[in-house]
Amino acid sequence: MFMGQYEHTIDTKGRIIIPAKYRNELGDTFVITKGLDGCLFIYPSQEWIDFADKLMGLSSSQNTRRLQRQFLSKAMEVTTDKQGRILIPGLLRESAGLEKDVVFLGMMNRIEVWDKERLKAEEEIEKTAGLDEAMDELGISL
């Protein structure tokens, strides 16, 4: 399970070091794709297969096609180099606004990759969004 938060920087070639805590579970090759809310998602290979199977098993509709387009058409398999870095493709860097300072967030079965400033803005929204109300709505108690 992925958890925790780690900050790194992207080099001028678009490469970034995957946090050491995540590397073992990810393996050498994994999938990166456009995520939600302005971030990227990283999935270990088996988690990606499971997710893609869910998307392919949906009945055909406009919403299904949108979801498939969102995640499948932007997905790219990446491999770490000897230093534990990956090259984030330009299309994905651009879609998530990744320029220099990046934050990795462990999200159980996947990792989110955020531009540091974009994540700060998202966290400000979350502060005012009433997390306690959301938990109540979802039936989650502590």
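Along the sequence shown, residues are numbered consecutively beginning with 1. The figures here come from the full heavy-atom set of this structure, side chains too, leaving out hydrogens, waters and symmetry mates.
Looking at residues two or more places apart in sequence or on another chain, you find a salt bridge (charged side-chain N to carboxylate O under 4.0 Å, His left out) between R85 and D81. Partners of K21 by salt bridge (charged side-chain N to carboxylate O under 4.0 Å, His left out), not counting sequence neighbours: none found. For E122, there are no salt bridge (charged side-chain N to carboxylate O under 4.0 Å, His left out) partners at least two apart in sequence or on another chain. Every residue two or more places apart in sequence or in another chain that forms a side-chain hydrogen bond (donor to acceptor under 3.5 Å, both in side chains) with T64 is listed here: S61. Looking at residues two or more places apart in sequence or on another chain, you find a side chain to side chain contact (heavy atoms under 4.5 Å, CB included) between R69 and R65, R66, S73. M107 meets the side chain to side chain contact (heavy atoms under 4.5 Å, CB included) test with L105, R110, E112; sequence neighbours excluded. Not counting sequence neighbours, the partners of T79 by the side-chain hydrogen bond (donor to acceptor under 3.5 Å, both in side chains) test are T29.
Other residues, nucleotides and ligands place more than 12 heavy atoms under 6.0 Å from the CD atom of Q83. With a 6.0 Å radius and a threshold of 12 heavy atoms from other residues, nucleotides or ligands, D53 has its CG atom above the threshold.
Other members of the cluster containing I17 do not exist, because no ILVMFWY side chain is joined to it at under 4.5 Å. Within the hydrophobic cluster formed by Ile, Leu, Val, Met, Phe, Trp and Tyr side chains joined at under 4.5 Å, directly or through other members, L72 is accompanied by V31, L36, F41, Y43, W48, F51, L55, L58, L67, F71.
Side-chain contact between M3 and M108: absent, with no pair of heavy atoms (C-beta onward) separated by less than 4.5 Å. Between V113 and C39, the closest side-chain pair of non-hydrogen atoms is not below 4.5 Å. For the pair I86 and I16, the minimum side-chain heavy-atom distance is below 4.5 Å. Taking the side chain as every heavy atom from C-beta outward, I18 and I42 approach each other to under 4.5 Å. Between Q5 and V103 there is a side-chain heavy-atom pair separated by less than 4.5 Å. Residues F2 and N109 are not in side-chain contact: their nearest non-hydrogen atoms beyond the backbone lie 4.5 Å or more apart.
The stretch residues 23-47 participates, sequence neighbours left out, in no salt bridge (Lys or Arg N to Asp or Glu O under 4.0 Å) pair at all. A ring pair (Phe, Tyr, Trp, His ring centres under 6.0 Å) check over residues 76-99, counting only residues at least two apart or in different chains, returns nothing.
For the atom pair E77 CD and S45 OG, the distance stands at 6.0 Å (nearest 0.5 Å). In this structure, OG1 on T12 lies 7.0 Å from CZ on R15, to the nearest 0.5 angstrom. Between atom CG of residue D11 and atom CG of residue L87 there is a gap of 8.5 Å, rounded to the nearest 0.5 Å.
Side-chain N or O atoms of Y22 include one that pairs as donor or acceptor with a backbone N or O of G106 at under 3.5 Å.
Between K120 and E117 a salt bridge is recorded (basic side-chain N to carboxylate O distance below 4.0 Å).
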Determine all donor-acceptor pairs shorter than 3.5 Å in which one atom belongs to a side chain in residues 91-99; sequence neighbours excluded.
residue, atom, partner, partner atom, Å
R93, NH1, I88, O, 2.4
S95, OG, L92, O, 3.1

